[in-house]
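We use all heavy atoms of the structure for the numbers below, so side chains are in, but hydrogens, waters and symmetry mates are not.
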Amino acid sequence: MNERFDPSEADGRWQRVWDERQCFRAEDGGSKPRSYVLEMFPYPSGRIHIGHVRNYTMGDVLARYKRMQGFEVLHPMGWDAFGMPAENAAMEKGVHPGGWTRENIANMKAQLKRLGFALDWSRELATCDPEYYGHEQALFIDLYRAGLVYRKESAVNWDPVDQTVLANEQVIDGRGWRSGALVEKRKLSQWFLRITDFAEELLEGLGALDSWPEKVRLMQENWIGKSQGLRFRFAVADPPAGMADSFEVFTTRPDTLFGASFAAIAAEHPLALALAENDPKAAAFIAECRKGGTTAAELETAEKHGYDTGLRVVHPLDPAIRLPVYIANFVLMDYGTGAIFACPAHDQRDLDFARKYGLPVRRVVAEGDKADAVFLGDEAYTGPGRLVNSGFLDGMDVDAAKAMVIARAESEGWGQGETQYRLRDWGVSRQRYWGTPIPFIHCEACGVVAVPKDQLPVVLPEDVDFSTPGNPLLRHPTWKHVDCPGCGKPAQRETDTLDTFVDSSWYFLRFASQPADKPFDRDEIARWLPVEQYIGGIEHAILHLLYARFWTRALKRIGLVDVAEPFASLFTQGMVTHETYSRTDPANGQPVYFSPGEVERGADGAVLTADGAPVEIGRVIKMSKSKKNVVDPDEIVATYGADAIRWFMLSDSPPERDLPWSEAGIEGCGRFVQRLWRLFCQYDGAATGEDKALDRKRDQTVAAVAEDIEALSFNKAVARIYELTSAVEKAAPSASRSQAIRTVLLLVAPMMPHLAEEAWAAIGAGDPGSLVAEAAWPPVDPALLVEDEVTVAVQVKGKLRDTLTVAKGIARDELEALALASDKVQRALDGAEVKKVIVVPDRLVNIVA
RNA sequence: GCGGACGUGGCGGAAUGGUAGACGCAGCGGACUUAAAAUCCGCUUGGGCAUCCCAGUGCGGGUUCGAGUCCCGCCGUCCGCACCA
């Protein structure tokens with residue numbers, strides 16, 4: 001037997017064995033209980049990132065553990081292969097997005113294989129394959145027929161120089177990332193999915209997802225943003241000829257109606273557009289509002305601007321009150337009715353606006369005993385309180401006043417209570433090439449016509465030109481020209497493609513079932529879904545996870561699946577971080593970054609290898625290419641082996657938190673791999689003799705590690721394995737010790753599968769020719785889990801003074817007597833009178849003097 | 001702006017309201033070696049430096065026999081915001 005474990009030789013050998021024996025292929029038939037373990041599939045950017053390694057290692061440990069526990073495990077992998085980076089590569093390097101993507105997939109697949117993940121590669125899919133996106137097009141048509149897809153006008157970021165639509169990411173400080181031109185909002189007719197139809201059930205469904213992180217559920221709840229309020233109609237006083245004589249507003253604070261100081265409408269509001277026709281200043285203001293991008297952060301942090309239309313509306317509760325109507329940039333056309341009434345005293349945005357334009361600010365909710373009608377300061381009061389300065393509402397609390405105003409509006413017929421959601425319908429149109437073509441045809445006679453299903457997939461053309469900005473599908477000479485499937489006359493294909501979030505909204509279904517003639521088989525889906533454990537980054541907490549939940553529910557509504565929630569349990573992992581190394585460039589004061597490979601790190605500083613002079617060690621932040629604080633998983637695998645990097649990914653940091661990468665850490669993991677190898681080599685199947693304490697430690701560890709893995713608390717499982725390893729190393733030879741060595745091997749098998757296989761074969765701990773990959777999780781003797789002695793803490797006035805080792809289950813008064821008899825306790829008491837003794841059996845005695 | 005989280009030694013972290021710092025990394029001392037690496041043993045929150053005591057979980061209050069843990073108010077850091085994936 002070798003003295004060292006050589007991963008560079010052994011890793012690949014075992015990976016081939018697993019492949020040849022198809023160890024990780026999920027069988028659709030069979031009687032075993034099923035477990036579907038899924039990690040979010042990667043975008044094929046070119047190289048596996050260390051964050052992927054962390055994500056897939058966690059899933060792999062769980063999948064291998066479940067297999068050891070006797071489950072039929074589905075653990076698939078695929079590629080979220082559409083998206084902008086491929087088009088950027090096409091523009092920058094002149095390569096084809098498809099070729100670039102497929103090459104990346106080949107490279108990344110090889111990288112994943114080198115990490116030894118227990119994946120069922122027979123189910124691999126890439127969303128850019130026509131076999132995949134063709135089925136997606138069919139599903140999209142099904143949803144269209146069910147009324148869940150529609151078209152409407154919506155704003156996009158428009159680059160006026162490049163004449164192209166920009167993603168939010170491509171807008172830097174309000175300018176196009178390539179042209180540098182100031183970005184504008186532009187309206188386009190686009191495709192939408194009716195997710196708002198599902199707002200209530202998506203919200204309610206969260207309640208049953210008790211294995212999801214609380215924070216994710218809360219974020220989704222806030223995103224859906226259910227609120228109860230009042231929709232009511234403002235009558236315009238003396239409306240100009242040809243102008244609407246009223247408009248609707250929605251408010252969640254009808255209680256503050258007497259504090260109204262103005263009304264405001266969005267720049268895109270029909271009334272605003274109508275006014276602009278005869279009012280050049282209004283038109284100019286609306287044009288001004290069109291400048292800038294479409295992100296929420298940008299809209300809400302922009303300075304508030306308004307334009308007084310000169311119109312006045314009548315206060316619904318007191319016709320004597322007239323309120324000015326502004327067009328305001330902070331009112332969103334997408335939420336509510338696109339128009340508001342403003343109560344500055346109790347809404348911060350309204351207050352900012354009112355102070356800027358010198359509008360009245362009237363308090364209507366008392367803040368403690370502050371009840372003056374004149375509201376001072378620049379901070380709105382949004383807390384609870386009694387209504388004041390509000391006529392018939394005076395004295396009520398906020399909730400009662402809300403109900404009262406709604407009841408009055410309904411009885412008088414000028415408004416009604418309404419439930420409103422912040423959630424907006426999902427715009428899925430993208431004016432780009434590298435995505436799923438939207439399977440529709442525009443015909444002058446027939447209108448919008450779905451492509452007949454027997455003509456799917458609508459395949460992307462290969463011959464496209466990226467030499468100029470804009471959508472290559474739109475300017476392709478022939479692709480869009482087709483005959484209308486309805487009337488046969490010349491018509492045009494839709495040239496928008498689908499948001500890549502659509503691709504990732506159903507891939508987990510296709511993994512479970514892959515018939516050629518339809519997207520999936522309903523019964524096969526029922527056998528595997530829901531995913532038992534889904535693992536991915538917290539950055540997907542809202543969008544991807546909400547879209548996937550919506551898509552699954554939509555498919556259920558149209559009768560294609562039986563499951564409503566796709567992911568029974570969700571885990572969101574933290575990022576992998578690394579310190580940064582930099583120097584300040586004297587020419588411009590900007591930092592120049594160096595990669596870890598260019599730097600030598602000492603205990604109290606770091607120097608650049610090239611010149612030996614120090615570099616500044618920066619904060620530990622998320623790995624990113626621009627900061628050069630990245631490490632390449634391939635290099636780590638080449639140096640330390642797959643098991644060392646896997647072990648590092650699981651050690652120390654709790655999986656939901658950030659994991660700081662360090663050279664010292666990975667070296668320590670490499671050393672531990674060898675330490676285990678030496679221990680495994682000491683296995684002696686012929687050893688005799690019992691070691692009761694070690695047996696106990698062994699079974700306690702097995703039970704605890706199982707619990708930790710199931711809770712995904714890998715860092716705790718790792719710590720326990722270290723403890724058991726130390727205990728076994730120190731123990732004298734015995735049958736118990738050999739058994740414990742074999743147990744350690746099985747415990748680390750999901751985490752370090754290559755080492756475990758190599759040792760399993762070398763020491764003959766299992767049947768000849770058997771694999772750890774097919775071994776069972778070690779059994780536990782429940783009798784050994786219970787300790788017969790416990791250590792009890794003895795406190796005097798809450799401070800620890802002594803500890804006692806006593807038989808488990810000792811009587812309260814006996815324990816109390818032992819505690820009082822302690823010298824240390826008596827010294828601490830120093831003759832003081834004992835007033836009270838608190839006894840927590842088997843844990844603690846606290847003596848209060 | 002809105003929403004969400006996090007804060008414990010030199011570092012990552014552990015701790016059903018009940019012995020704070022398990023376990024790992026780094027560091028220090030020792031053994032082995034011609035030497036180094038590897039390995040093994042020991043120490044390692046701060047202070048008085050003593051098998052004893054005091055202080056200590058971002059800051060300030062509170063609840064409790066007892067608070068890292070619960071409550072209130074701050075401070076700091078990070079993440080998401082609908083066309084990045």
Side-chain angles (χ1 to χ4, degrees), chain A residues 3-4 40 42-43 45 80 82-85 156-157 165-171 190 195 213-216 218-219 221-223 225 293-302 304 330 334 348-349 352 422-432 499-501 503-504 537-544 546-547 574-575 577 603-604 619-622 648 651-654 656-660 662 664-669 671-672 674-675 678 715-716 718-723 726 729 791-795 797-803 824 827 835-838 840 843-848:
Chain A
E3 275 180 31
R4 285 182 64 80
M40 293 178 185
Y43 176 77
S45 57
D80 189 13
F82 275 135
M84 289 200 304
V156 294
N157 300 306
V165 176
L166 297 177
N168 284 338
E169 190 189 52
Q170 298 171 317
V171 179
Q190 305 197 65
I195 190 172
E214 185 62 40
K215 63 175 171 181
V216 174
L218 193 58
M219 278 193 253
E221 188 181 320
N222 289 332
W223 189 260
T294 58
T295 71
E298 198 175 338
L299 294 174
E300 285 167 34
T301 51
K304 291 171 184 61
F330 71 95
D334 291 321
Q348 190 60 48
R349 287 177 303 180
D352 293 344
R422 204 185 69 103
L423 183 69
R424 309 199 298 261
D425 273 338
W426 177 11
V428 293
S429 282
R430 299 292 181 271
Q431 295 70 39
R432 273 185 273 281
D499 180 3
T500 57
F501 274 120
D503 309 332
S504 54
I538 184 68
E539 66 274 20
H540 295 291
I542 297 174
L543 293 181
H544 161 59
L546 192 64
Y547 291 149
M575 295 178 300
T577 58
D604 49 358
R619 290 192 318 122
V620 177
I621 55 170
K622 178 179 182 174
F648 186 96
S651 305
D652 293 352
S653 289
E656 70 277 11
R657 282 214 227 157
D658 289 352
L659 170 67
S662 76
I666 184 67
E667 279 172 28
C669 293
R671 280 198 298 271
F672 185 62
Q674 299 302 335
R675 184 175 154 199
R678 289 192 299 274
N715 58 320
K716 292 192 223 168
V718 162
R720 291 184 198 284
I721 290 171
Y722 274 118
E723 283 186 67
S726 296
E729 283 171 338
T791 304
V792 173
V794 182
Q795 298 179 336
K797 287 185 278 187
K799 281 196 174 183
L800 182 73
R801 294 299 172 188
D802 201 359
T803 58
K824 290 174 182 169
R827 215 180 315 149
K835 292 183 186 142
K836 191 175 174 187
V837 179
I838 286 135
V840 182
R843 285 218 76 126
L844 163 140
V845 179
N846 187 14
I847 296 158
V848 186

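Nucleotide B:A37 holds its P atom 13 Å from the CD atom of A:E667, rounded to whole Å. Counting to the nearest Å, the C1' atom of B:C2 and the CZ atom of A:R349 are 8 Å from each other. For the pair A:E221 CD and B:A82 C1', the computed distance is 18 Å after rounding to whole Å. For the pair A:K215 NZ and B:G3 C1', the computed distance is 13 Å after rounding to whole Å. Distance, A:M219 CE to B:A5 P: 7 Å, rounded to whole Å. One interatomic measurement links the two molecules: CG of A:L423 to C1' of B:A82, which rounds to 9 Å at whole-angstrom precision. Rounded to an integer number of Å, the gap from CH2 of A:W223 to P of B:G80 is 12 Å. Atoms CG (A:L546) and C1' (B:G3) sit 14 Å apart, rounded to a whole Å.
For A:S651 against A:V718, the heavy-atom pair with the smallest separation is OG-CG1, 3.7 Å. The two residues A:Y547 and A:I195 have their closest heavy-atom pair at CD2-CD1, 4.1 Å. The two atoms that bring A:G427 and A:D499 nearest to each other are O-OD2, 4.3 Å, heavy atoms only. Between A:F82 and A:Y43, the shortest heavy-atom contact is O-CE1, 3.4 Å.
Taking CD of A:Q431 as the reference point, atom CG of A:L166 lies at 10.5 Å (rounded to 0.5 Å). From A:L218, atom CG reaches atom CH2 of A:W223 across 14.0 Å, with rounding to the nearest 0.5 Å. We find the CD-CD1 distance between A:Q795 and A:I847 to be 9.5 Å, quoted to the nearest 0.5 Å. A distance of 12.5 Å separates OG1 of A:T791 from CG of A:L844, quoted to the nearest 0.5 Å. How far CE of A:M219 is from CD1 of A:I538: 4.0 Å, rounded to the nearest 0.5 Å. The distance from atom CZ of A:R432 to atom OG1 of A:T500, rounded to the nearest 0.5 Å, is 9.0 Å.
Side-chain N or O atoms of A:N157 include one that pairs as donor or acceptor with a backbone N or O of A:T294 at under 3.5 Å. Panel note: side chain A:D658, backbone A:M575; a donor-acceptor pair is recorded below 3.5 Å. Remark: the backbone N or O of A:P42 is not paired with any side-chain donor or acceptor of A:D80 at under 3.5 angstrom.
Using P as the reference atom, B:C41 and B:C23 are 13 Å apart when rounded to the nearest Å. Comparing the P positions of B:G56 and B:A26 gives an interatomic distance of 32 Å, to the nearest angstrom. Rounded to a whole angstrom, the distance from the C1' atom of B:C72 to that of B:G18 is 24 Å. Across the C1' atoms, B:G12 and B:C81 are found 31 Å apart, a figure rounded to whole Å. Between the C1' atoms of B:G60 and B:C65, the separation comes to 24 Å (whole Å). Nucleotides B:G58 and B:C11 have their P atoms positioned 13 Å apart, rounded to a whole Å. Here, B:A14 and B:U69 have their P atoms 16 Å apart, quoted to the whole Å. B:G46 sits 39 Å from B:A35 when the C1' atoms are compared, rounded to a whole Å.
Side-chain contact check for A:V171 versus A:T295: every heavy-atom pair is 4.5 Å or farther apart. Residues A:Q190 and A:V156 have side chains in contact (heavy-atom distance under 4.5 Å, counting atoms from C-beta outward).
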Side chain to side chain contact (heavy atoms under 4.5 Å, CB included) evaluation trace for A:L546 with A:W426: CA-CA 11 Å; A:L546 192 64; A:W426 177 11; over 6 Å; no
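For A:D652, there are no salt bridge (Lys or Arg N to Asp or Glu O under 4.0 Å) partners, not counting sequence neighbours.
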Between protein and nucleotides 53-55 of chain B, what N or O pairs are separated by less than 3.5 Å?
residue, atom, partner, partner atom, Å
B:C54, OP2, A:R801, NH1, 3.3
B:A55, OP2, A:K799, NZ, 2.8

Scan nucleotides 83-85 of chain B against the protein and return all N/O pairs shorter than 3.5 Å with their distances rounded to 0.1 Å.
residue, atom, partner, partner atom, Å
B:C83, OP2, A:R430, NH2, 2.9
B:C83, O4', A:R430, NE, 3.1
B:C83, O4', A:R430, NH2, 3.2
B:C83, O3', A:N168, N, 3.3
B:C83, O2', A:N168, N, 2.6
B:C83, O2', A:N168, OD1, 3.4
B:C83, O2, A:R432, NH2, 2.6
B:C83, N4, A:Q190, OE1, 2.8
B:C83, N4, A:S429, O, 3.4
B:C83, N4, A:Q431, OE1, 3.2
B:C84, OP2, A:N168, N, 3.3
B:C84, OP2, A:E169, N, 2.8
B:C84, O4', A:E169, OE1, 3.3
B:C84, O4', A:E169, OE2, 3.4
B:A85, OP1, A:M84, N, 3.2
B:A85, OP2, A:T500, OG1, 3.4
B:A85, O3', A:D80, OD2, 3.1

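Taking the syn range as angles within 90° of 0, the glycosidic angle of B:G10 is outside it, so the base is anti.
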Produce a footprint string for nucleotides 13-25 of chain B: one letter per nucleotide, 5' end first; B if the base is under 4.0 Å from any protein heavy atom, S if only the sugar-phosphate is, - if neither. SSSB-BB--BSSS
Per-nucleotide protein contact along nucleotides 67-73 of chain B, 5' to 3', at a 4.0 Å heavy-atom cut-off (B base, S sugar-phosphate only, - neither), is -------
Would you write out the dot-bracket form of RNA chain B, 5' to 3', with Watson-Crick and G-U pairs under 3.5 Å, [ ] for crossing pairs, | for pairs to other strands and . for unpaired bases? (((((((..(((.....[....))).(((((.......))))).((((...))))..(((((..]....))))))))))))....
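Ring geometry, A:F501 versus A:H544: the interplanar angle falls under 30°, so the pair is classed parallel (tilted spans 30 to 60°).
Comparing atom distances between the A:E729 side chain and each of B:A5, B:A82, B:C40 picks out B:C40 as nearest.
Ranked by how close their nearest RNA chain B nucleotide is to the 5' end, A:L659 and A:I542 are led by A:L659.
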